[in-house]
Amino acid sequence: QVQLVESGGGLVQPGGSLRLSCAASGSGVSINAMRWYRQAPGKQRELVATITSGDNRAYAVSVKGRFTISRDNANTVSLQMNSLKPEDTAVYYCNADAHDGNWVVMTYWGQGTQVTVSS
């Protein structure tokens, strides 16, 4: 079982920055990758960034060059968001894939944190 808790959302003006954090806790499983998704009202959930256990990183085209995903420690990943645009407004969710000793994979989600970019 894995528990994910996001923090760091808020209101920021266009061009500003925010840093989101996701704290993971659990036992008996190995995390394969952690991701940030976002979902705006009336739209599908969108993959924003991903980081693997080997620290390989990838980004959606819409955020590449502006957002950075990183692992702060063994249990926490962050999303540094710079040069924010109004279209970045969404609820941001932390996601993790984890497998047990039998290579059964499960997906876990955090509760989400609101990011609003507006003047």
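Listed for the Thr52 side chain is a donor-acceptor partner under 3.5 Å among the backbone atoms of Gly54. Within the 3.5 Å criterion, the main-chain N or O of Ser83 finds a donor-acceptor partner in the side chain of Arg66. Side-chain atoms of Thr113 come within 3.5 Å of backbone atoms of Gly9 as a donor-acceptor pair (strictly under, hydrogens ignored). Here the side chain of Asp100 pairs a donor or acceptor atom with the backbone of Asn102 at under 3.5 angstrom.
A pairwise comparison of heavy atoms in Met34 and Ala24 identifies CE-CB, 4.1 Å as the closest pair. The heavy-atom pair separating Pro14 from Ser119 by the smallest distance is CD-N, 3.7 Å. Contact detail for Gly112 and Glu6: the closest heavy-atom pair is N-OE1, 2.9 Å. Annotation for Ala60 and Leu47: closest pair CB-O, 3.4 Å, computed over non-hydrogen atoms. The minimum heavy-atom distance linking Cys22 with Trp36 is given by the pair CB-CZ2, 3.7 Å.
Both tests do not hold together for Arg38 against Tyr93: distance to the six-membered ring centre under 6.0 Å, angle to the ring axis within 45°. By the 6.0 Å and 45° rule, Arg45 stacks over the aromatic ring of Trp109.
Residues Ser53 and Asn32 have side chains that never bring a donor and an acceptor to within less than 3.5 angstrom of each other.
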Test log, rule side-chain contact (heavy atoms from CB on, under 4.5 Å), inputs Gln114 and Thr89: CA-CA 8 Å; Gln114 176 71 47; Thr89 296; 4.0 Å; yes
Audit row: Leu20, Met81, side-chain contact (heavy atoms from CB on, under 4.5 Å) steps and yes/no: CA-CA 8 Å; Leu20 307 182; Met81 305 184 295; 3.7 Å; yes
Before giving the answer on side-chain contact (heavy atoms from CB on, under 4.5 Å), spell out for Ser25 and Gln1 the whole-Å C-alpha distance, their side-chain angles and the decisive distance to 0.1 Å. CA-CA 8 Å; Ser25 61; Gln1 296 285 355; over 6 Å; no
Would you check, one step at a time, whether the test side-chain contact (heavy atoms from CB on, under 4.5 Å) holds for Tyr59 with Thr68? CA-CA 8 Å; Tyr59 303 89; Thr68 302; 3.7 Å; yes
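Between Leu18 and Val115, some side-chain heavy-atom pair lies under the 4.5 Å cut-off. With a 4.5 Å cut-off on side-chain heavy atoms, Gln80 and Ser70 do not count as touching.
Other residues, nucleotides and ligands contribute only 12 or fewer heavy atoms inside 6.0 Å of the CD atom of Gln3. Other residues, nucleotides and ligands place more than 12 heavy atoms under 6.0 Å from the CD atom of Gln111. More than 12 heavy-atom neighbours from other residues, nucleotides or ligands sit within 6.0 angstrom of CD on Glu87.
In the hydrophobic clustering of ILVMFWY residues, with side-chain heavy atoms under 4.5 Å counting as a link, Ile51 and Tyr37 come out apart. By the rule that hydrophobic residues join a cluster once side-chain heavy atoms approach within less than 4.5 Å of another member, Val5 and Leu79 end up as members of separate clusters. Tracing side-chain contacts under 4.5 Å through hydrophobic residues (I, L, V, M, F, W, Y), one reaches Val117 starting from Tyr92; they form part of the same cluster. Under the 4.5 Å side-chain heavy-atom criterion for grouping Ile, Leu, Val, Met, Phe, Trp and Tyr, Val91 is not connected to Ile69 through any hydrophobic cluster.
The side-chain hydrogen bond (donor to acceptor under 3.5 Å, both in side chains) check on Asn73 picks up Thr76, with sequence neighbours excluded.
A distance of 9.5 Å separates CG in Asp97 from CD1 in Ile31, rounded to the nearest 0.5 Å.
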